[in-house]
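Input: a single structure, listed below in structure tokens.
Position 1 is the first residue of the sequence; numbering continues from there.
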Amino acid sequence: MRIEKLDKNTKKNLLEDLLKRSPNSYGEYEERVRNILDEVHEKKDAAVFAFTEKFDGASVNADTIQVTEAEIQEAYKEVDDSLLRIIRKALKNIDVYHQKQMQYSWFDSKPDGTILGQKVTALERVGVYVPGGKAAYPSSVLMNIIPAKVAGVDQIIMVTPPGRDGKVNPTTLVAAKEAGADAVYKVGGAQAIAALAYGTESIPKVDKIVGPGNIYVALAKKAVYGHVSIDSVAGPSEILVLADETANPRYVAADLLSQAEHDELASAILVTTSMELAQKVSAEADAFTEKLSRGEIIRKSLDNYGHILVADTLADAIDAANEIASEHLEIMTADPFQVMTKIRNAGAIFIGEYSSEPLGDYFAGPNHILPTNGTAKFFSPLSVDDFLKKSSIISYSREALEEIHTDIEQFAEAEHLTAHANSIKVRFED
């Protein structure tokens, strides 16, 4: 891995480099995505079936696009019992964590007859996108569906691309059943996002779409925002490790590679105050890469977006971490909790040398669907909040309104909105 001195120029160049990975930088794909969306909007099921055959090599129709209960039961037979137990343990951890996020309606009444409040309501129908094909991501299934279930969403529709045999990966299906999906459809890519956003004869329109996907999925979500709500436009995975001379270089290197193996656009960054640690981590990363099954992807990822930055002080390292605003941030320093209090921008923060990033991906409980590409400066992880909406409650008695009606009228007239003022005035005519 390349080792650089942290200064204004290296930080500026790094930030510009990372921004190239954003879905917003891939304009050449937008027209293709728009054409797919328009086709599904117009032709509905027929377009979905055609695109599934074209892109996934699977033949589906109105009778086969929805996963049946028999297919789900068949999937259970193909999933190892020990893996099923692990899925259920992870599910429980994720559920317990998200239960603590739940918000409830509240009302505040006063003796003069004023009632103010907030009504919290779950979304009615949500679409969950899960990547598929040859790969299986049961952890993403759990992370998307469980907070929606906790929130009380009425109907959770999952979409995932099938394999060429027209089947969904059995582990993905089992995770969906365990988490509580109401229906699973065999469709992926931009066409799946279009089906959820507009509705087809087979797939119902949803109120919100959540879940990560490839560049086509990300751009499709961005394009349909407004027809439906979305969680975010996710970019490639990223990790930043903030470490001092006390960190174990093997742990640091292993954790950096855990994200670099996702794809060639993944980013893995170490910011440290120790040149000695930097050199040891670089050597360990090279050694690990030679042995790991996805070594070629890791190598390209590190060549493109792997960085080791050596800072003069811990304060400089913390400033850089806040500026980069990484999806995953690990803190391996002598006093990691004290450093954590100075972190302003990160999707998820892992504290201490035994809190490696995959703990959050699979098992601990917090959501692993996180803001990327610096958006941790203003976005949060997926949570129960994403599946709730709030309505303001206002109720005044005549007596309560009478005390302040002239104030409202004057305010409205100052804005030259006389109909607003009149709406109050008419209630106190002689």
Verify salt bridge (Lys or Arg N to Asp or Glu O under 4.0 Å) between Lys177 and Glu69, making sure each step is shown before the conclusion.
CA-CA 10 Å; Lys177 179 69 173 178; Glu69 185 61 31; 3.5 Å; yes
Please lay out, stage by stage, how Glu178 and Val141 fare under the test side chain to side chain contact (heavy atoms under 4.5 Å, CB included).
CA-CA 10 Å; Glu178 292 290 321; Val141 176; over 6 Å; no
Residues Asn322, Ile343; criterion side chain to side chain contact (heavy atoms under 4.5 Å, CB included); working and verdict
CA-CA 6 Å; Asn322 279 325; Ile343 296 299; 3.9 Å; yes
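Ring pair Tyr29/Tyr216 is perpendicular by interplanar angle, where above 60° counts as perpendicular and below 30° as parallel.
When all heavy atoms of Thr273 and Leu314 are compared, the pair lying nearest together is CG2-N, 3.5 Å. The shortest non-hydrogen separation linking Gln66 to Glu71 is O-OE1, 3.9 Å. Smallest separation of non-hydrogen atoms from Ser326 and Leu240: OG-N, 3.4 Å. The two residues Val384 and Met102 come nearest to each other via the heavy atoms CG1-SD, 3.7 Å. Closest approach of Val60 to Thr64, counting heavy atoms only: CA-OG1, 3.4 Å. Across all non-hydrogen atoms, the minimal contact from Ile297 to Ala260 is CG2-O, 3.8 Å.
Using modelled atom types, no side-chain atom of Asp255 and backbone atom of Ser356 make a donor-acceptor pair closer than 3.5 Å. Here the side chain of His328 pairs no donor or acceptor atom with the backbone of Ile349 at under 3.5 angstrom. At distances below 3.5 Å, not a single donor-acceptor pair connects side-chain atoms of Lys119 with backbone N or O atoms of Ile393. In terms of modelled atom types and a separation under 3.5 Å, the side chain of Asn93 and the main chain of Phe363 share a donor-acceptor contact. For Thr52 (side chain) and Val187 (main-chain N/O), no donor-acceptor pair under 3.5 Å exists by modelled atom type. Side-chain atoms of Glu327 do not come within 3.5 Å of backbone N or O of Gly347 as any donor-acceptor pair. Side-chain N or O atoms of Asp154 include none that pairs as donor or acceptor with a backbone N or O of Arg125 at under 3.5 Å. The backbone N or O of Asp312 lies less than 3.5 Å from no partner atom in the side chain of Lys5, so there is not a single donor-acceptor pair. In terms of modelled atom types and a separation under 3.5 Å, the side chain of Ser237 and the main chain of Gln259 share no donor-acceptor contact. Side-chain N or O atoms of Tyr129 include one that pairs as donor or acceptor with a backbone N or O of Gly189 at under 3.5 Å.
The closest side-chain donor-acceptor pair between Thr10 and Asp7 falls under 3.5 angstrom.
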Under 3.5 Å, side-chain donor or acceptor atoms of residues 78-86 against the rest of the protein: list the pairs with distances, not counting sequence neighbours.
residue: Asp80; atom: OD1; partner: Ser82; partner atom: N; Å: 2.8
residue: Asp80; atom: OD1; partner: Ser82; partner atom: OG; Å: 2.3

When the side chains of residues 275-284 are checked against the rest of the protein, which donor-acceptor pairs come out under 3.5 Å, sequence neighbours left out?
residue: Glu276; atom: OE2; partner: Lys280; partner atom: NZ; Å: 3.0
residue: Ser282; atom: OG; partner: Met1; partner atom: N; Å: 3.1
residue: Ser282; atom: OG; partner: Met1; partner atom: O; Å: 3.1
residue: Glu284; atom: OE1; partner: Arg250; partner atom: NH1; Å: 3.2

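A salt bridge is defined here as a Lys NZ or Arg NE, NH1 or NH2 lying under 4.0 Å from an Asp or Glu carboxylate O, and Glu124 with Lys208 fails to meet this definition. A salt bridge is absent between Asp95 and Lys149; no separation between the charged side-chain nitrogens and carboxylate oxygens falls under 4.0 Å. A salt bridge between Arg299 and Asp303 is absent, with no side-chain N of the basic residue lying under 4.0 Å from a carboxylate O of the acidic one. Using a cut-off of 4.0 Å between Lys/Arg side-chain N and Asp/Glu carboxylate O, Glu264 and Arg294 are scored as not salt-bridged.
Lys54 NZ: 12 or fewer foreign heavy atoms inside a 6.0 Å radius. Around CZ of Arg34, the count of heavy atoms belonging to other residues, nucleotides or ligands within 6.0 Å exceeds 12.
Rounding to the nearest 0.5 Å gives a distance of 14.5 Å between NZ of Lys222 and CD1 of Ile193. Ile324 contributes atom CD1, which lies 9.5 Å from atom CD of Glu238 (distance to the nearest 0.5 angstrom). The line from CD1 of Ile308 to OG1 of Thr272 is 9.0 Å long, rounded to the nearest 0.5 Å.
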